[in-house]
Chemist: 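One structure, pasted below without further comment.
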Amino acid sequence: MANSPQCLLVGSLEPYSGKSGIILGLARLLQQQGMAIAYGKPIGTAMTKAAAALEEADIEFISQSLELAPAQVRKPLVFLDEETITRRLQGQDQTNYAEALEASIQGLTADLVLLEGPGNLWEGSLFGLSFSELAAKINAAVLLVGRYHSPLVVDGLLKARQTLGDSLKGVVINDIPLEALPETKDLVKPFLESHGIAVLGLLAEDRLLRSVSVRELAHQLNAKVLCSEEHLDLMVESLTIGAMNVNSALEYFRQGENKAVVTGGDRTDLQLAALETSTSCLILTGHAGPQPLIISRAQDLEIPILSVDQDTLTTVEIVDQAFGNVRLQEPVKVQCIQQLIATHFDLQAFQEIMAKG
């Protein structure tokens with residue numbers, strides 16, 4: 001691709017593996033070394049307009065965090081929503097998106113363009129924008145992020161190596177449980193490197209990065225905020241359900257830190273017990289409101305109380321989904337991932353690999 005900057009395509013084997021965080025951390029390291037960075041996301045994977053708006057907000061957040069000018073950012077060429085997919089299937093959309101991507105990259109002024117790939121290696125194939133097609137069209141180097149579930153993370157990475165060939169320059173294994181770190185360092189990393197796959201980073205799981213703000217939970221639950229609205233930026237690391245007697249509940253609540261507690265609006269005893277432990281918010285179900293003393297105590301402790309119309313089971317399902325689809329919309333998370341990358345990513349090896357082309 002003549003007269004174009006060097007491109008690094010950051011992909012993953014599955015959605016929500018941490019691509020955005022890796023990009024934020026790596027980009028900041030490179031900027032500190034004086035490199036001019038550009039960022040783009042060729043494919044929007046949102047299936048609805050509301051989800052597309054969130055995805056665009058994420059792109060804007062990354063560009064602002066990296067202090068990129070609008071000319072250094074490329075938004076999605078296409079969103080994988082139902083209407084767009086239908087038009088493509090019906091032959092109404094004949095756009096050559098790969099060529100459109102190539103043209104958009106040529107207009108960037110940067111030392112390195114960091115491109116965020118889709119959720120897996122085949123998403124976008126309908127539009128000629130699968131991961132391998134992206135890499136081949138713009139002659140991009142590839143960095144893959146594999147989220148750790150077990151040592152069998154090697155399966156997906158070996159298959160990716162077969163698919164991507166020499167364009168795969170390295171991998172980062174993310175979200176490794178602390179107890180699995182020794183095995184990952186001593187077995188998984190050497191095995192992958194013996195098969196020609198450079199392991200550039202091993203990142204341990206971090207509760208903060210998997211946390212969700214009270215504000216985001218309130219949004220997802222369509223909740224009414226009853227008090228402490230100025231503290232919605234508190235982070236929630238776990239979810240606890242309060243449905244037992246108060247003596248059992250207090251011991252149970254003490255086991256969790258920075259938690260959200262879901263309980264009935266009429267369970268004053270459990271609400272008080274939760275407020276006396278490490279709780280980031282109370283989520284009250286049912287149609288009974290909390291007693292004034294609960295509101296007063298929560299305000300004193302600066303703990304938001306959310307009231308929802310859903311039953312407990314539905315509420316828990318929505319909160320669990322929020323934890324599963326964590327976004328990097330809080331500055332504290334940006335600081336955390338940048339520190340992780342600075343400490344555990346082999347920048348020197350990465351730069352040497354990239355210099356070889």
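Predicted model, so just to flag it, every value in this text is computed and none were measured.
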Chemist: Quick one, N258 with S211, criterion side chain to side chain contact (heavy atoms under 4.5 Å, CB included). Give me CA distance, side-chain angles, the key distance, then yes/no.
Modeler: CA-CA 9 Å; N258 303 322; S211 63; over 6 Å; no

Chemist: Determine whether the side chains of E352 and Q348 contain a donor N or O and an acceptor N or O closer than 3.5 Å.
Modeler: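 The answer is yes; a qualifying pair exists.
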
Chemist: Heavy atoms, side chains only, cut-off 4.5 Å: are L181 and Y148 in contact?
Modeler: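 A side-chain contact under 4.5 Å is absent here.
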
Chemist: Side chain to side chain contact (heavy atoms under 4.5 Å, CB included) between L209 and L340: does it pass, once the steps are laid out?
Modeler: CA-CA 11 Å; L209 293 177; L340 276 174; 3.6 Å; yes

Chemist: Test your reading of the model: is there a side-chain donor-acceptor pair from Q31 to the backbone of I37, 3.5 Å cut-off?
Modeler: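 No: the side chain of Q31 does not pair with the backbone of I37.
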
Chemist: So, for A274 and T279, which heavy atoms are closest and what is the spacing to 0.1 Å?
Modeler: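 The answer is O-OG1, 2.7 Å.
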
Chemist: Looking at every heavy atom in both N174 and S17, which two are closest together, and how far apart are they?
Modeler: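 For N174 versus S17, the nearest heavy atoms are ND2-O, 2.8 Å.
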
Chemist: In Å and rounded to the nearest 0.5 Å, what is the CG to CG distance from L26 to L8?
Modeler: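 Rounded to the nearest 0.5 Å, the CG-CG separation comes out at 6.5 Å.
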
Chemist: Can you tell me how far the OG1 atom of T95 sits from the CZ atom of R88, to the nearest 0.5 Å?
Modeler: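 Interatomic distance, T95 OG1 to R88 CZ, rounded to 0.5 Å: 6.5 Å.
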
Chemist: Can you tell me if D309 has over 12 outside heavy atoms packed within less than 6.0 Å of its CG?
Modeler: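 Open.
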
Chemist: Where do A140 and S167 come nearest, in terms of heavy atoms and distance?
Modeler: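 Shortest heavy-atom separation between A140 and S167 comes out as O-CB, 3.9 Å.
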
Chemist: Hey, which of V261, V225, V214 is the one that makes side chain to side chain contact (heavy atoms under 4.5 Å, CB included) with C281?
Modeler: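 Only match with C281 under side chain to side chain contact (heavy atoms under 4.5 Å, CB included): V214.
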
Chemist: Among L313, L306, L284, I283, whose side chain to side chain contact (heavy atoms under 4.5 Å, CB included) with V262 holds?
Modeler: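 The residue from L313, L306, L284, I283 that satisfies side chain to side chain contact (heavy atoms under 4.5 Å, CB included) with V262 turns out to be I283.
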
Chemist: Any side-chain heavy atom of I43 within less than 4.5 Å of one from Y97?
Modeler: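 Not in contact.
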
Chemist: With side-chain hydrogen bond (donor to acceptor under 3.5 Å, both in side chains) as the test, would you mind laying out the steps for T312 and T285 before giving the verdict?
Modeler: CA-CA 6 Å; T312 298; T285 61; 3.2 Å; yes

Chemist: Any chance CD of Q32 has more than 12 other-residue heavy atoms, nucleotides or ligands included, within less than 6.0 Å?
Modeler: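 Check passes, neighbour count above 12.
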
Chemist: Output the distance between atom CD (Q271) and atom CD1 (I303), rounded to the nearest 0.5 Å.
Modeler: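 If we round to the nearest 0.5 Å, Q271:CD and I303:CD1 are 12.0 Å apart.
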
Chemist: Mark yes or no for whether S296, through its side chain, and P292, through its backbone, hold a donor-acceptor pair below 3.5 Å.
Modeler: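 Side chain of S296 to backbone of P292: no pair is present.
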
Chemist: Would you confirm whether R161, through its side chain, and I197, through its main-chain N or O, come within 3.5 Å as a donor-acceptor pair?
Modeler: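 No, because the side chain of R161 does not come within donor-acceptor range (under 3.5 Å) of the backbone of I197.
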
Chemist: Are L202 and V188 connected in a single hydrophobic cluster, I mean Ile/Leu/Val/Met/Phe/Trp/Tyr linked by side-chain heavy atoms less than 4.5 Å apart?
Modeler: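 As far as the 4.5 Å side-chain criterion goes, L202 and V188 are connected within one cluster.
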
Chemist: Using only atom types and a distance under 3.5 Å, with no angle test, would you say the side chain of Q6 pairs donor to acceptor with the backbone of M354?
Modeler: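 Judged by distance alone, yes, a pair lies under 3.5 Å.
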
Chemist: Looking at E237, is its backbone amide N or carbonyl O close enough to the side chain of E257 to form a donor-acceptor pair, meaning the two atoms are under 3.5 Å apart?
Modeler: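 Judged by distance alone, no pair lies under 3.5 Å.
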
Chemist: Give the C-alpha distance, both sets of side-chain angles, the deciding distance and a yes or no for side chain to side chain contact (heavy atoms under 4.5 Å, CB included) between L134 and L115.
Modeler: CA-CA 10 Å; L134 286 172; L115 295 172; over 6 Å; no

Chemist: Check for a donor-acceptor pair, side chain of R74 on one end and backbone N or O of L101 on the other, with a separation under 3.5 Å.
Modeler: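 Not a single qualifying donor-acceptor pair exists.
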
Chemist: Is there a donor-acceptor pair closer than 3.5 Å between any side-chain N or O of E123 and the backbone N or O of G119?
Modeler: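 Answer holds: yes.
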
Chemist: Testing the basics here: between S280 and V236, what is the closest heavy-atom pair and its distance to 0.1 Å?
Modeler: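 Shortest heavy-atom contact: CB-CG2, 3.8 Å.
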
Chemist: Got D175 and R210 here, is their nearest side-chain heavy-atom distance under 4.5 Å?
Modeler: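 A side-chain contact exists here, since the closest heavy-atom pair is under 4.5 Å.
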
Chemist: Could you state the interatomic distance from CD (E14) to CG (L121), rounded to the nearest 0.5 Å?
Modeler: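 That separation rounds to 11.0 Å.
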
Chemist: So do L108 and I105 actually touch side chain to side chain, heavy atoms under 4.5 Å?
Modeler: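 I105 vs L108: side chains touch.
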
Chemist: Could you give the distance from CD (Q338) to CG (L66), rounded to the nearest 0.5 Å?
Modeler: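 Answer rounded to 0.5 Å: 7.5 Å.
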
Chemist: Could you please spell out the steps behind the side-chain hydrogen bond (donor to acceptor under 3.5 Å, both in side chains) verdict for Q351 and Q33?
Modeler: CA-CA 11 Å; Q351 291 176 317; Q33 296 203 349; 2.7 Å; yes

Chemist: Taking C-beta and beyond as the side chain, do K41 and E55 meet within less than 4.5 Å on heavy atoms?
Modeler: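 Yes - at least one pair of side-chain heavy atoms lies under 4.5 Å apart.
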
Chemist: Hey, does E276 have a side-chain heavy atom less than 4.5 Å from the side chain of R297?
Modeler: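 R297 reaches E276 side chain to side chain.
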
Chemist: Side-chain heavy atoms under 4.5 angstrom apart, residues restricted to Ile, Leu, Val, Met, Phe, Trp, Tyr: same cluster for Y39 and F79?
Modeler: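 Each belongs to a different hydrophobic cluster.
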
Chemist: Taking everything shown except D166 itself, do over 12 heavy atoms lie less than 6.0 Å from its CG?
Modeler: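 12 or below, so no.
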
Chemist: If you draw a 6.0 Å radius around CD in Q92, do more than 12 non-hydrogen atoms from other residues or ligands fall strictly inside?
Modeler: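 Yes, the 6.0 Å shell around CD holds more than 12 heavy atoms from other groups.
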
Chemist: State whether the side chain of K75 and the backbone N or O of I59 hold a donor-acceptor pair below 3.5 Å, judged by distance alone.
Modeler: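 Not confirmed, K75 side chain does not pair with I59 backbone.
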
Chemist: What pairs with E216 under salt bridge (Lys or Arg N to Asp or Glu O under 4.0 Å), at least two apart in sequence or on another chain?
Modeler: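 Here the qualifying residues are R327.
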
Chemist: For L203, run the side chain to side chain contact (heavy atoms under 4.5 Å, CB included) check against I22, V145, T343 and tell me which one passes.
Modeler: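 The side chain to side chain contact (heavy atoms under 4.5 Å, CB included) with L203 is passed solely by I22 among I22, V145, T343.
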
Chemist: Looking just at side-chain N and O atoms, do S20 and E116 make a donor-acceptor pair shorter than 3.5 Å?
Modeler: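 A donor-acceptor contact under 3.5 Å links the two side chains.
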
Chemist: Are L187 and I173 connected in the hydrophobic side-chain network, where two residues link if heavy atoms are under 4.5 Å apart?
Modeler: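 Per the 4.5 Å side-chain linkage, L187 and I173 are not co-clustered.
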
Chemist: Show the numbers, then the answer: is there a side chain to side chain contact (heavy atoms under 4.5 Å, CB included) between V172 and I341?
Modeler: CA-CA 10 Å; V172 174; I341 294 295; 5.6 Å; no

Chemist: Which heavy atom of Q299 sits nearest a heavy atom of C227, and at what distance?
Modeler: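 Taking Q299 first and C227 second, the nearest heavy atoms are CG-CB, 3.8 Å.
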
Chemist: What are the two closest heavy atoms between A260 and L217, and how far apart are they?
Modeler: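 It is CB-CD1, 4.4 Å.
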
Chemist: Does CD belonging to E82 count more than 12 external heavy atoms closer than 6.0 Å?
Modeler: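 No, the 6.0 Å shell around CD holds no more than 12 heavy atoms from other groups.
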
Chemist: Establish whether L152 and L192 are linked, either directly or via other cluster members, by ILVMFWY side-chain heavy-atom contacts under 4.5 Å.
Modeler: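 No; L192 is not reachable from L152 via cluster members.
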
Chemist: Looking at K259 and S278, would you say the former's side chain and the latter's main chain have a donor-acceptor pair under 3.5 Å?
Modeler: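 It does hold such a pair.
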
Chemist: Between E193 and K189 (salt bridge meaning N to carboxylate O under 4.0 Å), is one present in this structure?
Modeler: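 Between K189 and E193 there is a salt bridge, with a charged N closer than 4.0 Å to a carboxylate O.
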
Chemist: Heavy-atom distance under 4.5 Å between the side chains of L168 and L157, does that happen here?
Modeler: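 Of all side-chain heavy-atom pairs linking L157 with L168, none is under 4.5 Å.
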
Chemist: Report yes or no: does R147 contribute a side-chain atom to a donor-acceptor pair with the main-chain N or O of P15 at less than 3.5 Å?
Modeler: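 No; zero donor-acceptor contacts below 3.5 Å.
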
Chemist: Let me confirm one number: the CG-CG distance from L293 to L272, rounded to the nearest 0.5 Å.
Modeler: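 Taking CG in L293 and CG in L272, the distance rounds to 5.5 Å.
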
Chemist: Report yes if the side chains of S132 and L164 come closer than 4.5 Å at any heavy-atom pair, otherwise no.
Modeler: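 They are in side-chain contact.
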
